[in-house]
Amino acid sequence: MTGSNQVPYLLRAARGEVLDRPPVWMMRQAGRYMKAYRDLRDKYPSFRERSEIPEVAIEVSLQPWRAFQPDGVILFSDIVTPLPGMGIDMDIAEGKGPIIADPIRTQAQVDALRPLEPEESLPFIKPILQTLRQEVGNQSTVLGFVGAPWTLAAYAVEGKGSKDYSIIKNMAFSDPTVLHQFLSKIADSIATYVRYQIDCGAQVVQLFDSWAGQLSPKDYDTFALPYQQQVVRQVRETHPDTPLILLVSGSAGVLERMGKSGVDIVTVDWSVDMADARKRLGPDMKVQGNLDPGVLFGSKAFIRDRILDTIQKAGNRGHILNLGHGVLPNTPEENVAYFFETAKQADQLLATCA
Ligand code: CP3
């Protein structure tokens with residue numbers, strides 16, 4: 001157990017300390033698989049209300065903390081939340097995700113964007129992060145998060161989630177000048193937002209470049225990586241000590257390139273064996289992951305075996321145990337509880353197997 005005066009596990013793992021067990025949290029740990037969340041959603045049917053009324057967003061963020069005591073408590077929000085502050089209106093539709101009514105396609109639209117001023121356009125972030133820090137103390141770590149430029153541009157240009165990203169790829173591969181300007185503007189605003197989250201209390205920040213895995217490695221190097229680097233570079237200038245994590249969905253083909261972004265921790269998904277990921281990323285890169293979220297539909301013995309396999313392959317330094325992507329709706333809550341309990345006893349379980 002982490003004592004009351006100690007540095008929490010997640011920060012210790014991010015510093016590369018040798019630990020008796022890895023810290024554990026789950027992406028989307030606050031969400032639809034939890035009855036408490038669904039009940040609150042009935043009361044506040046709009047996602048923007050749930051995430052932008054501080055009391056409600058705090059309550060949602062703390063639901064998994066109270067139920068499972070994860071080593072990381074993530075801000076309840078969305079990657080598109082800062083877009084209105086840049087002049088891109090959006091909504092989040094039930095079961096569909098972000099919707100942008102007036103998608104960004106032209107030079108004039110890019111010219112009209114405003115640099116983000118978080119204090120003004122995101123006034124709810126400060127009370128949310130400050131309260132989360134007070135609530136968890138040093139028993140857990142508060143994570144902030146942002147969308148990375150390519151993924152935010154994909155939503156803003158397509159207007160919604162996409163299967164093939166044909167509109168943004170058309171822009172990228174036929175006349176990329178406007179898109180590059182857009183990506184650079186997003187990077188500047190997102191760097192400002194990361195700094196603001198840290199100032200408000202986020203102790204670690206995760207960058208979601210969820211759709212960068214849709215790019216070939218060559219195009220990742222042109223449209224995703226340079227703008228990840230732009231964000232990381234600007235954040236490091238003022239906040240060099242805050243650990244940064246990068247996630248790309250379907251990352252097997254770009255894993256080494258993710259390391260070049262400058263982040264401290266690379267999220268590995270289940271398309272890569274954790275032992276292979278360690279070899280590919282080298283001894284200095286920390287890793288997070290990498291269970292298939294579907295594992296949580298399996299039996300308890302199955303879940304335990306997969307947890308122990310991942311921990312053994314990742315080793316006892318610089319590993320944050322997590323799923324490779326968000327927990328799926330309809331996942332049994334008792335299996336989520338079992339995942340956390342088992343992860344926290346991993347040292348004893350591994351000692352008895354040996
Ligand atoms: O991880 C957490 O617990 C923090 C909360 C969080 C949400 N969105 C809440 C949310 C985080 C970290 C995100 C990030 C996010 N949002 C990403 C990156 C992660 C990833 O999935 O790759 C992306 C791509 C989005 C955009 C988005 N927002 C999608 C695709 C959806 C889901 C659409 C659906 O209904 O399946 C959303 C809505 C959303 N954001 C939900 C949650 C819990 C689901 C709707 C709801 O529960 O009300």
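One-based numbering, in listed order, for ligands and for the atoms of each. These numbers come from the heavy atoms of this one structure, side chains and all, not from hydrogens, waters or symmetry mates.
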Does ligand 1 have any atom that is closer than 4.0 Å to a heavy atom of G161? no
So is T151 close enough to ligand 1, meaning a heavy atom under 4.0 angstrom away? no
Is there a chain of hydrophobic side chains (I, L, V, M, F, W, Y, each step under 4.5 Å between heavy atoms) that links V268 to M285? yes
Which heavy atom of the protein is the closest neighbour of atom 42 (C) of ligand 1, given with residue, atom name and distance? F47 CE1, 3.7 Å
Under a 3.5 Å threshold, yes or no: a donor from one side chain and an acceptor from the other, between T342 and R304? no
So the atoms of ligand 1 within less than 4.0 Å of a heavy atom of L75 turn out to be 4 (C)
Parallel under 30°, tilted from 30 to 60°, perpendicular over 60°: which one fits the rings of F223 and W150? tilted
Please state which option from W25, Y37, F76 has its nearest heavy atom closest to atom 47 (O) of ligand 1. Y37
Would you mind checking which non-hydrogen protein atom is closest to atom 9 (C) of ligand 1, with the distance to 0.1 Å? S77 O, 3.2 Å
Return yes if a side-chain donor-acceptor contact under 3.5 Å exists between S184 and Q230, otherwise no. yes
So the atoms of ligand 1 within less than 4.0 Å of a heavy atom of K96 turn out to be 33 (C), 35 (O)
Would you check if there is a donor-acceptor pair between the side chains of H325 and D292 at a distance under 3.5 Å? no
Which of the ligand 1 atoms, numbered from 1, are nearer than 4.0 Å to a heavy atom of I92: 38 (C)
Contact atoms of ligand 1, heavy-atom distance to R50 under 4.0 Å: 46 (C), 48 (O)
Look at atom 23 (C) of ligand 1 and find which of D209, I79, L152, L247 reaches it with the closest heavy atom. I79
Within reach of ligand 1, part of V80 (heavy-atom separation under 4.0 Å): neither
To the nearest 0.1 Å, how far is atom 37 (C) of ligand 1 from its closest protein heavy atom, and which atom is that? D78 OD1, 3.6 Å
Decide whether a cation-pi geometry holds between R32 and Y37; the criteria are a distance under 6.0 Å from NZ or CZ to the six-membered ring centre and an angle within 45° of the ring axis. no
Any chance the side chains of S140 and D71 put a donor and an acceptor closer than 3.5 Å? no
How far is atom 27 (C) of ligand 1 from its nearest protein heavy atom, and which residue and atom name does that atom have? P98 CD, 3.4 Å
Within a distance under 4.0 Å of any heavy atom of W211, pick out the atoms of ligand 1 and give their elements. 24 (C)
Do N138 and Q6 have a side chain donor and acceptor closer than 3.5 Å? no
With a sphere of 6.0 Å drawn around NZ of K300, does it hold more than 12 non-hydrogen atoms of other residues, nucleotides or ligands? yes
Specify the protein heavy atom at minimum distance from atom 34 (C) of ligand 1: its residue, its atom name, and the distance to 0.1 Å. R32 NH1, 3.4 Å
Partner of Y220 by side chain to side chain donor-acceptor pair (under 3.5 Å), out of Q228, R257, K260, Q214: Q228
Heavy-atom contacts with A30 under 4.0 Å: which atoms of ligand 1 show up? List them by number with element. 3 (O), 43 (C)
Just to confirm my output: which protein heavy-atom neighbour is closest to atom 33 (C) of ligand 1, and how far is it? G97 N, 3.4 Å
Mind checking whether R28 contacts ligand 1 via backbone (N, CA, C, O), side chain (CB onward), both or neither, at a 4.0 Å heavy-atom cut-off? both
Can you tell me which residue and heavy atom of the protein come closest to atom 18 (C) of ligand 1, and the distance to 0.1 Å? S210 OG, 3.2 Å
How far apart are the C-alpha atoms of F145 and F76, what are their side-chain angles, what is the distance that settles it, and do they pass the ring-ring contact (aromatic ring centres under 6.0 Å, His included) test? CA-CA 9 Å; F145 73 91; F76 185 74; 8.8 Å; no
Would you check whether G95 has a nitrogen or oxygen atom less than 3.5 angstrom from a nitrogen or oxygen atom of ligand 1? yes
Applying a strict under-4.5 Å side-chain criterion to I, L, V, M, F, W and Y, I'd like to know whether V336 and F297 cluster together. no
Without swapping roles, check the side chain of T131 against the backbone of P127 for a donor-acceptor pair under 3.5 Å. yes
Number the atoms of ligand 1 from 1 as they appear, then name those within less than 4.0 Å of a heavy atom of Q29, with their elements. 3 (O)
Would H325 count as a contact of ligand 1 if the rule is a heavy atom under 4.0 Å away? yes
Which residue and heavy atom of the protein sit nearest atom 19 (C) of ligand 1, plus the separation: F208 CD2, 3.4 Å
Taking atom types as modelled and ignoring hydrogens, do the side chains of Q288 and Q206 form a donor-acceptor contact shorter than 3.5 angstrom? yes
